[in-house]
Amino acid sequence: MQNTSTDMTGKTCLVTGANSGIGLETAKGLAALGADLILVCRDPQRGENARKEIIATTGVDRIDLLIADISLMASVRELADQINRDYPQLHVLINNAGVMLSKRQLTSEGYEMQYAVHHLAPFLLTHLLLDKLKASSPARIINLTSKMHT
Ligand SMILES: NC(=O)c1ccc[n+]([C@@H]2O[C@H](COP(=O)([O-])OP(=O)(O)OC[C@H]3O[C@@H](n4cnc5c(N)ncnc54)[C@H](OP(=O)(O)O)[C@@H]3O)[C@@H](O)[C@H]2O)c1
């Protein structure tokens with residue numbers, strides 16, 4: 001983790017796909033800077049393991065775990081409803097969750113899986129949380145991207 005003097009105390013930060021890889025490290029970094037975290041994971045056990053790991057490595061326990069399968073737009077809508085209802089502010093939205101599949105796979109809603117996870121879900125989640133982000137200004141939206149679609 002890079003040294004930085006940025007203080008994120010009092011800032012609420014949401015990370016999708018926060019139970020492994022870049023999302024988990026990002027969440028740890030934000031926790032270490034003092035942020036309140038919302039981890040969005042699809043698997044409750046993997047999410048809880050990540051929550052415990054972040055607490056163990058940073059000592060910060062202001063961490064909520066929300067369960068959502070962001071390949072499904074119905075789940076994205078439920079997630080956004082929950083955040084808009086339960087959190088007074090949202091300062092950082094990090095659309096990180098991603099998949100890399102070697103075979104074409106459709107979601108139960110009929111969308112190609114990678115298109116749903118990497119394009120539709122970040123667009124819909126951002127759109128549904130935009131008013132809260134604006135009201136929490138200064139706020140930031142960070143989208144993790146990949147060249148793999150080419
Ligand atoms: N690593 C790289 O070199 C690289 C390069 C360019 C771009 N990126 C981008 O960076 C982001 C993170 O990559 P990474 O390497 O850290 O990947 P990773 O280790 O495979 O982590 C991906 C995370 O996304 C979650 N996820 C996948 N599908 C989901 C769904 N439907 N609903 C909720 N969560 C879901 C995974 O949860 P599960 O554990 O439940 O599967 C996991 O926590 C991705 O968007 C990727 O495209 C990575």
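Note that the structure is a prediction, hence the values are computed from the model and not measured. As the structure lists them, so they are numbered: ligands from 1, and atoms in each ligand from 1.
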Q: Would you say the side chains of Asp7 and Thr9 form a donor-acceptor pair under 3.5 Å?
A: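 Looking only at side-chain atoms, Thr9 and Asp7 do form a donor-acceptor pair, the distance falling under 3.5 Å.
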Q: Side chains of Asp64 and Tyr87: donor-acceptor distance under 3.5 Å anywhere?
A: yes
Q: Judged by atom type as modelled, is there a donor-acceptor pair below 3.5 Å linking the side chain of Arg51 to the main-chain atoms of Ile63?
A: yes
Q: Return a table of donor-acceptor pairs under 3.5 angstrom between the side chains of residues 109-116 and protein atoms on other chains or two or more places apart.
A:
| unit_1 | atom_1 | unit_2 | atom_2 | d |
| --- | --- | --- | --- | --- |
| Glu109 | OE1 | Met73 | N | 2.7 |
| Glu109 | OE2 | Met73 | N | 3.2 |
| Glu109 | OE2 | Ala74 | N | 3.0 |
| Glu112 | OE1 | Gln114 | N | 3.1 |
| Glu112 | OE1 | Tyr115 | N | 2.9 |
| Glu112 | OE2 | Gln114 | N | 3.3 |
| Gln114 | OE1 | Leu101 | N | 3.0 |

Q: Go through the side-chain N and O atoms of Asn49 and Glu53 and say whether any donor and acceptor fall under 3.5 Å apart.
A: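 Distance-only check fails for Asn49 and Glu53.
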Q: Hey, does the side chain of His118 reach the backbone of Val99 with a donor-acceptor pair shorter than 3.5 angstrom?
A: yes
Q: If you count only heavy atoms, which residues are under 4.0 Å from ligand 1?
A: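 Close residues (ligand 1, cut-off 4.0 Å): Gly17, Asn19, Ser20, Gly21, Ile22, Arg42, Arg46, Ala68, Asp69, Ile70, Ser71, Asn96, Ala97, Gly98, Val99, His118, Leu144, Thr145, Ser146.
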